Every structure is written in C-alpha cells, then in structure tokens.
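Here's the structure we're looking at; comments come further down.
Note that the structure is a prediction, hence the values are computed from the model and not measured. Each chain gets a letter, A, B and so on, in the order its sequence line appears, and its residues count up from 1.
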Number of protein chains: 6
Amino acid sequence: MTPIFFLLAFLISTINSHVAAIDFCVADLKGAQTSVGYPCKLPKDVTVNDFVFSNFTNGAPNQFNFSFTPAIVDNFPALNGLGFSFAKVELEEGATVPMHAHPDATEVVIAGSGPAKYTTGFITSDNVVYTKTLSEGDIFVIPKGLLHFGINTGKGKASGLAVFSSEKPSIQVLDLALFGNKLDSSIVEKTTFLDAAQVKKLKALFKGSG
Amino acid sequence: MTPIFFLLAFLISTINSHVAAIDFCVADLKGAQTSVGYPCKLPKDVTVNDFVFSNFTNGAPNQFNFSFTPAIVDNFPALNGLGFSFAKVELEEGATVPMHAHPDATEVVIAGSGPAKYTTGFITSDNVVYTKTLSEGDIFVIPKGLLHFGINTGKGKASGLAVFSSEKPSIQVLDLALFGNKLDSSIVEKTTFLDAAQVKKLKALFKGSG
Amino acid sequence: MTPIFFLLAFLISTINSHVAAIDFCVADLKGAQTSVGYPCKLPKDVTVNDFVFSNFTNGAPNQFNFSFTPAIVDNFPALNGLGFSFAKVELEEGATVPMHAHPDATEVVIAGSGPAKYTTGFITSDNVVYTKTLSEGDIFVIPKGLLHFGINTGKGKASGLAVFSSEKPSIQVLDLALFGNKLDSSIVEKTTFLDAAQVKKLKALFKGSG
Amino acid sequence: MTPIFFLLAFLISTINSHVAAIDFCVADLKGAQTSVGYPCKLPKDVTVNDFVFSNFTNGAPNQFNFSFTPAIVDNFPALNGLGFSFAKVELEEGATVPMHAHPDATEVVIAGSGPAKYTTGFITSDNVVYTKTLSEGDIFVIPKGLLHFGINTGKGKASGLAVFSSEKPSIQVLDLALFGNKLDSSIVEKTTFLDAAQVKKLKALFKGSG
Amino acid sequence: MTPIFFLLAFLISTINSHVAAIDFCVADLKGAQTSVGYPCKLPKDVTVNDFVFSNFTNGAPNQFNFSFTPAIVDNFPALNGLGFSFAKVELEEGATVPMHAHPDATEVVIAGSGPAKYTTGFITSDNVVYTKTLSEGDIFVIPKGLLHFGINTGKGKASGLAVFSSEKPSIQVLDLALFGNKLDSSIVEKTTFLDAAQVKKLKALFKGSG
Amino acid sequence: MTPIFFLLAFLISTINSHVAAIDFCVADLKGAQTSVGYPCKLPKDVTVNDFVFSNFTNGAPNQFNFSFTPAIVDNFPALNGLGFSFAKVELEEGATVPMHAHPDATEVVIAGSGPAKYTTGFITSDNVVYTKTLSEGDIFVIPKGLLHFGINTGKGKASGLAVFSSEKPSIQVLDLALFGNKLDSSIVEKTTFLDAAQVKKLKALFKGSG
C-alpha cells in the first residue's frame, strides 16, 4: 500500500534533483550565507544527530573568571532559520561580565541553582537603569541591543542559561570595542570624554593600538 | 528613444553579471534551498510558461478513494517566495480524507459543485471541535497545524480546491505517522494509550515495522 | 545639562499622549490582541519586575506523572512580541509525555541533570522517525508542528527545559484531540481506522462524549 | 480527569481577562486596524461559522460585462492575519477586465470550466509583456503590483477564481485613476502624453472632473 | 590577552570554512539571488569602502528633462538585506516625471533646496487624488504601488532625494508599459478605452510595436 | 456610472463600521501601540497633509555643538508601519557626535554639501574599526546596533541626512548610559574597568548620581 499522501513527498523528490526539504532546513555550513542564514542540507544527509547538540557543558573560565559556551547555528546547524540560540554562562565567585550589548538580539537569562547571587541589569536608550539580583530559576529579559552586565554578588559560582533571539547573536563588548583595536586614541577621547591617561591605560590592558 | 527609466534595469543588468531579478523570483529548482525557498531563475531564462501551471486536473483516486493533485513550488516554480500553493481534491462517494495536519500551513478549502456533501472539521489545541458540511462554493478555513479531516457524506463525487499558506505545505497523516514507519510499537502504545492489538493491526495495514 | 539626545525621547513623549514605547513592548494583557500579540504597556507603568519571571519551579505531577510549568506571554508579559517562551518539564520515573504537536512552534528541549534517561523523538511529514535518548545538557530540536513524545527511560526523575519559537505556544495532545471532546465516534473511527471498541475505551478514559 | 495539558489553556484564560486567542485570530471588525490587520475576536465569541464563507457565488455583471465577487477579511473575518483572500470573476462573452494593478498583492488566477477563452497578461517594470490564453484549470501568476488585464476571447462566459497574497487587496484601475476623479486634466495630459481631447472624452466617460 | 569574547567569533570562523558573517551581509553580486537578496560577501573580503557609495551626484537629464540616479543593492552592495535604497532626482525647469508606480516599494521624497516648486501627487486605489507642491525640505510619502507623478512648477531646477522601501525598487512607467513594447494595439485599446489613433501616436512616440 | 471596481471599497466601507484602511495606515497616535506600531487613522480623517512633513530644517545646536532633527512616526504619522525614518544632523566646525548605537536600527548617512569633512566610523562585534571621511553626497551604511561616532574634521559646518531602518529608532549614547543616570559607580567601574576618579568626573559632567 502506498497511500497518495506519499505522493507529495515523492513528487517533490522526483521533480527536484536536490530532494527538497520539507519540515526543516538544517544548515549546510559550506553553503553561501544569505541574510536569512545558510542553505539547507539535503534531507538524505540529515540524521537524528543533526538535531542534537551534545557539548553543552561549562567551558574553562577566562581572564574575567567566567565561562561562555555558545550553541549557535555555526556549531549546531539545526538552529538554521529558527531565530534563536543558546549559551551556558558560569561566573566564579566575584566574577563580572563586562558591559556589552548584542546588536541584533534580545537576551533571556535563566538563573541557575543556588541562592540569589547573580546581579544583572540593562540601560534603556532613554538612560533608565533596570537592575535585579536574580534567585534560582528566575528568568530575566534584556531587550535587543541595549548595554547590560552581570556580576556574581554571592558566595560560590553563579551559573545561568542565556537564550538569544538570533541563531547567530553577535556580542559587542564595550572595552574591547573602545580599547581592543586600532581605533585612534584621540577619537576615543573625543567621542567618549575619557581622559587620555585613562584611554592609554585601557588600550594597554586590552591590547589595542593607535 | 531610450528613456532614462530604462536605465535602472540597464544599470542592474550591467552591474550584475547575473542580470538581477526584478518584479519576480521564479524558482531555479536546481539551486540550493534556503529557509525562504529557492534561488531565482535568471530573468533571461524566464518565459510566460513559467507563470502557467497547466496540469491542474484531478488525478486517479488512491486506496482511500480520493485524489490529491498539488500545484506547489516544486512543480510550479512561479510560486517561489509567494508563500502559498494549491491542490485539487476529489472524493469518490463515501470516501474519507484521514485525520491529518499541515505542520506549517493554514489550509483554505473551496467546495466544488454539487449539493452539500463535503463534511470537514478541525480540532483546536484546547480540544474544541469545529465541524461543518459545506455547500457548493463554501470557503472553509483550517488554522495552521491543527488535526483535520474530510468525508464525502453525500451522493456522487465531492470535489474541492485547497489553498495552503505555504508554497511547499507538508502533510502529516496521523495513521502513517504512527503506523507507517519503524516507530517501536511499545512507544506507540505508551504515547497513544492504544492497545497492543490495535497497534499491531494498524502497523500491518499501513506497512509499518517495529 | 540636557543633551540633545534626550530630545528624541522628549519629543516622542510630548507628541504622543501615551508616551511611546522605545526599546521594548511589555504586554498590556488587558488590551485587545492582534496576530502579533498584545498592545504595549505604557513605559511609565513598566518596572524592572516586568522583566523578571520568578515562579519558574516545577509544579505538581499530573496523572501522567510529569509536571509542565510554562512561562509564556500571558504570565510573563515581557515576552510580548519576542516570539519565544519557556516551560519546565519534570517526569517521574517511568513517566511518559503523550504524543502531541505544537501547531505553530518549534520546540527545543535542554535535558536536565542526571544520567541519560530522557528518550524523545519526532516524526516528519514523510513519516521518518527521529528518536534519541538524551544525556545531561543535550539540546534537541523538534521541528514546528510535528508529532513528538518523551519518555523517562532511566532511574529517578528526568527534568528539562523547553524553549518554544512562539510567545504563546499551543499544544495539541493526540488523545485529547481524538477522545477528549464531542467529536463523533463514527468520525473518529472513519478518519483514524481505529476499532469502535478502542475508540469507546479511550473516549471513556479521556472523558469524551459523542 | 483533567490532564495537565489543559492547564496551559486554563492558565492563559485565568491570567488574561480576555481569554487569550490560541491557534487563530478571527478579526474583530469593530476593533482598530493596525498594519497587520484587525484585533482578534474573543475565542468565546467564535463559532464554526466564523470559519465559513457562504456567499461565494457570481454577482451581477457590471457595465464592463463581468462580475467580481470578493471574499476578503472585511466580509470573511477568518482571513485576518493570513495574508490571502479570494474573488470569483465571471466575464460575459466578449467582456474585458480593464488594465489595472493590485498595489500590494500578487494575484493567482485559476481558469474555470470551458474551452480556452480567457486571455490575460501582465507587463513587467522593464516593459516586457507576458500574455497567455488560459485553458480550463490553468493557473496563472501575476506578480505583485504590475499592470494586467483579462479578455474573454472565446464563446460563452469565462469564469475564474482569483487568489490574492493579501487579506485585503486593493485594486487600482488605470482609467478610474486617471479619469474617474478630480485630477486636473492638464496634469493628466502632461504626465501621460495623452491628447487633451482624449482626456476630455474619457473624463466624461468615467465621470471625472477637473 | 585573548578575552573569551573573542571565542564566539573564533568559534564561528573555525567551524565554518566560509568565516560566517556577523553584524552585516554585504551582497556578493556574483551569487545567486533569492527572494531576500544576494548571498553575503565573505567578511575577509569586506572593506570600509563596501559601506560607502561615492557616486551619488546628479546624472545627465533624459528626454523628459530630468535625471534619475539610483543607489540600490546592485551598485551599492551594503544595502543587501536592508530593505531600502535611494535615488537622486533633478528636474529641469518645466520638466515632468511621467505617471508611474513602484510595484513593491513605498517612496519617500525629500524636496531639495529652493522655493516651492515640486508638485507631486498620488492616486489611491479608491481613486482619491492626494497632490501637494513641496517646499524645500518637505518630506512626502507615496504609498506602495500607487500611480504617482512629479512636475517642476517653479523657476529653475527642482531636485530631490527619493528613498524607497526596497533595496531594488522597480519602476513601472505607464506610457512605457502601454506603448513601449509589443503589446497588441487592439488589446491596449480594449483595456484602456483609448482611441486607436491615440494608441498609434503614442506607440510611435515610445517606439512600441504591435 | 459606478463601475464594479468601486464595489470592493464600497463593500469594505459598508461592512466595517470603521471604514477600513486600504493602501496605507497613517498612525493614530492616540491609539495603543503594538510591537508593529500604532493603529491606523480612519481614512476619512486622512488628508494630503498627513503625508507631508514640513518642519525638516536644522534645529539649534546642543552643548555638543550639533543639531539633531528627527522625522519619525511620532511626529510624522505617515511613517507608521513603513519601517524607516529620517533625521537632519548639522555639526558646527569641530563638533563631535559622541559614541552611540541604535539598538534596533541600521543607519544610513548621506553627507551634505561642502568639501570632505565628516569623519565617521563604526566598530563591529569582532572589534574591527571601519572609519571614513565622507565627501559631499557620499552615502555611508552603519550596521544595526553597532557603536559609531561622527566628527566634523573640516572647515565650517558639516551637515547630513540620516535614514534609519526603523520608524522609531532609539539612540543609546554611551556616556549618558554610563554616567547620566543612577547606575551605581562601583558597578560602572567593575563593568567598564574605568578608574573611580574617571567615573566620578564623568558622572558630574553628565549629571548622573549613584
């Protein structure tokens, strides 16, 4: 018995030499990107493991004493075209996530286990500060593109899950943007009102030149 | 006389070695799909026949005694990027279209000629049933992703036109999903509360294994 | 000092008697919904707590021995217009999440702590089964609108976080759709090929009539 | 038995005094429109008849000897937010549908019964003409916003179904736009290169002034 | 010091042999177009000059005595995926921009320096005329797809900037569409109600045949 | 003569007590905003002046010695739902536009008359600086959400037009976000690595507290 319902899939596969995708579009990372992501992997090449991301554990802490482990379309192709991605974040006691923004993604933080200790906040474009110390399981929404930060203000590690409204969120870290590249110091001073000495000190710290 | 207005099209064609598409994007079915469809056929290769679908007649009835004839982007490339497609459906007297859903498309049914005889219905996610016997020319909307069915409850054939809010609608037929593949019988039983004997009987009917 | 930059916000607030929203659109749940969500709460009425969801803990298990705790726009208005939402799921040992689909949302499951024990799977519209037993921290993508299930196949509880690509995901549970309402038994039989006895038994179990 | 699955719908209805819409957004035509349509009717007020349009029959022919019967969101609220609508068109023998465009909708024409007799065509923005005489059941795609026309070039009536990629398509009829309003004749002449006598004649025919 | 923040970009570049685009998608004009534009140029090949368009000066007047200079995705690839584009327009004294429409773009005109002299207008699909003589700096919105025109009704040149809601707006000029191609004269007459002599005269003027 | 074409508009107006909008959706600023803007003004209340913005001249310079004059949906309702807006910017000789970002809008700058003098630049999320001194008429694209700045590096005033990919762009000015509000100084220091003295100095300059 080959019900007519099979015919639609059959029709597609016979008409289209590529065997058309239905239901999903797993990224073919070798294909050329467009503004909506990657081309679809051919269904015949898709296995259940394309839908599974198995390395979502905390990485090693960086110099800021926190780890950031992303699961985005480039390492988890099943996210292609879905418009969201994930990251695990773990802060050592006293660690700080520096002021940064995600130019085209809203971020949602889900606080991990333990007592209230993760203090986070964002600043709106009319300069209002929204800050909160999160308890275990709290969910916090950080609107798209706004400067925000995080601090472990408690005892022991603070962990959390970040969900982004983009399958490939970008991160603009304030200090790296200002001091970690070749942007001319005089321009930094003029456009930020920072003192020359301060700029020089941070350029050195963040390995910038100019 | 070559009015300046020609210059825009001219500019595009001279700048872009591909001769850019304007006005439409007929599918190049050999191109790699993205989550928004196929690449555009080069306008120089497009003829009026790309905009015409000429085989939209009823097909042969299947074992369920109805025919399903789709006009979708894979056999009618002019639908690329438009977000809708079509199908002709014809039910023999007494025929039934089994319970199914279109995972990412709303369906609109336009009942064909003849007396009221096409009984259709859908079930919402809060389990309310909306059912109706359609008269000639009635239009019926089936919201996206919901289980629905159709039965010819009258005399003679019942025909209709289906319009889908996707240029490539997929169809998940309940019995095929549960019984027409390798899904383990014990999982089917556990997750549907069906008796083992019932599952075994339908696995046999729909050529499933496991 | 009142930098000109303030003028944009000022301009907006003086022109528009509502004080226009910038940066975010927290839901005014009393407002009339459109196909894109709720109207925006007036910024003057928004506080940091609108961005925090504080009740994201496991609820009591249901008759199926699992709990489902949603954080969606209707109980977490900051999700308005963002296109995603969350749920905590916890299965007692041996518990099963019955076959169901989300008519207009992709689901991503992030497996909670403990050894591999959460077995899940989905069925595509061309009837291919993708199933996997997840280990702690695994992320699994379930494409939009497809039938899927979950079973705790290990020792002890199995917990997870579900992320949906909709701020208000709907859930169509197969057995409730077929047996938990007034859908006529003869229609259920005709459209699913189930035996009358089986339908009668499950109608009784799920409190359906007809 | 009240399965936990009911809780999501229950939660929504208890939290939100409006009983939130899930699955669909039938238009509340009394509500204020936005650029994405009308607010949603409250689900408690929705019946199966909201999903049925029952007056889809040919209307009386107009002075151009054809009838145009629309099924759009304003007379079929279930189309709200779906992005498509329908119209029945019937041309008397020899009738012509004048040159017109749909400013923000692609049109798909499905030719009705009878021998090849409906000649239609569109003109692209680089001035290429695509014209075709359609046979019964042919589907023809007219790209968004382009000037197009239709003529019954056969014996007897010619009928068809039009599908638009907008739930509220607008129609700009060339002669009405130029001659059926107060647009100053000298401006019409200057901007169309038509002779004054020709403009005067058509202004009279289409009841324009100026 | 290599802050963890670098890791996201690093991760992307190492996983994806193409070095994934973040932040922007400059068009690779040699790539195959889709309905959402061109593929992205590889970031390693992007320079600051990709973000600069340097030839935005008035061109030579055409036979209608005005110049039209577009900056669209095909000559300014940084506009890829942004959904808008620009054109400079300059009318000699007394010049007219003939009746035309942009099938899929709203146009915004910003009047250039000088006294009020640019008279423009559009006609809605219910045949209402909206016309205005613009003063220096006035901004005028022309809704998508509607017929509109412009006339220099003052002394000296009239210039302006046009912004389109499409990175590749198309232009359908009424006279060229009707008279500048092979569209059969009898069809033009039938569908526009123009006299044969008038059609013949304009076919000659706009170099059409048929 | 009342051609059938009038019937569509007529039908809409008779069915819908609001007289439905077709062709455009001018903002009713008194209506409740949604994530896609304002409700539509009733067409009967719309005049040609709704499509005209007449106050688009340079304002007075601020303390930074430049003027910023926006034309956005809140003062130009015709922009509702269009997704773009405008601003005139004029810098006195030597003036600087401080480092800032538009959280959800791409900005396009069109340099005004005069010799090359407007030096602008943006920093990507992988910390690459793209900077350019613009000549008259140059168009420069600043990708969404990225930090950017502008400096008048020439003689005399420098003016320009800014186009934003949002009808209501927000502006996050770095110094105001860090120093112009109640954000605790110790948090600013921790999250930016700035010295306490520097923070104190700028808090004083930008009237911040905490």
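Considering every non-hydrogen atom in both C:Ser54 and A:Asp138, the closest pair reads CA-OD1, 3.4 Å. For the pair A:Ala71 and C:Ile139, the tightest heavy-atom approach, listed with the atom from each and the gap, is CB-CD1, 3.8 Å. Of all heavy-atom pairs between C:Ser125 and A:Ile22, the closest is OG-CG2, 4.0 Å. Scanning both residues, A:Phe56 and C:Gly137, for their nearest heavy atoms gives CB-O, 3.2 Å.
Interface remark: C:Ile142 contributes no atoms to any contact with chain A (heavy atom separation under 4.5 Å). Heavy atoms closer than 4.5 Å to chain C are found in the side chain of A:Ile110, but not in its backbone. For C:Ser135, no part lies under 4.5 angstrom from a heavy atom of chain A. Proximity to chain C is limited to the side chain of A:Phe84, based on heavy atoms less than 4.5 angstrom apart.
Checking A:Val48, A:Val52, A:Thr47, A:Asp50 one by one against C:Tyr130, the side chain to side chain contact (heavy atoms under 4.5 Å, CB included) holds for a single residue, A:Val48.
Other residues, nucleotides and ligands contribute only 12 or fewer heavy atoms inside 6.0 Å of the NZ atom of A:Lys157.
Highest contact tally toward chain C, considering only A:Val129, A:Leu146, A:Leu79, is held by A:Leu146 [criterion: heavy-atom pairs under 4.5 Å]. When the candidates C:Val108, C:Leu134, C:Thr57 are compared by the number of heavy-atom contacts under 4.5 Å with chain A, C:Val108 comes out ahead.
Taking the side chain as every heavy atom from C-beta outward, A:Asn49 and C:Lys132 approach each other to under 4.5 Å. Taking the side chain as every heavy atom from C-beta outward, C:Thr124 and A:Phe24 approach each other to under 4.5 Å.
Note that the CZ atom of A:Phe51 and the OG1 atom of C:Thr120 stand 12.0 Å from one another [nearest 0.5 Å].
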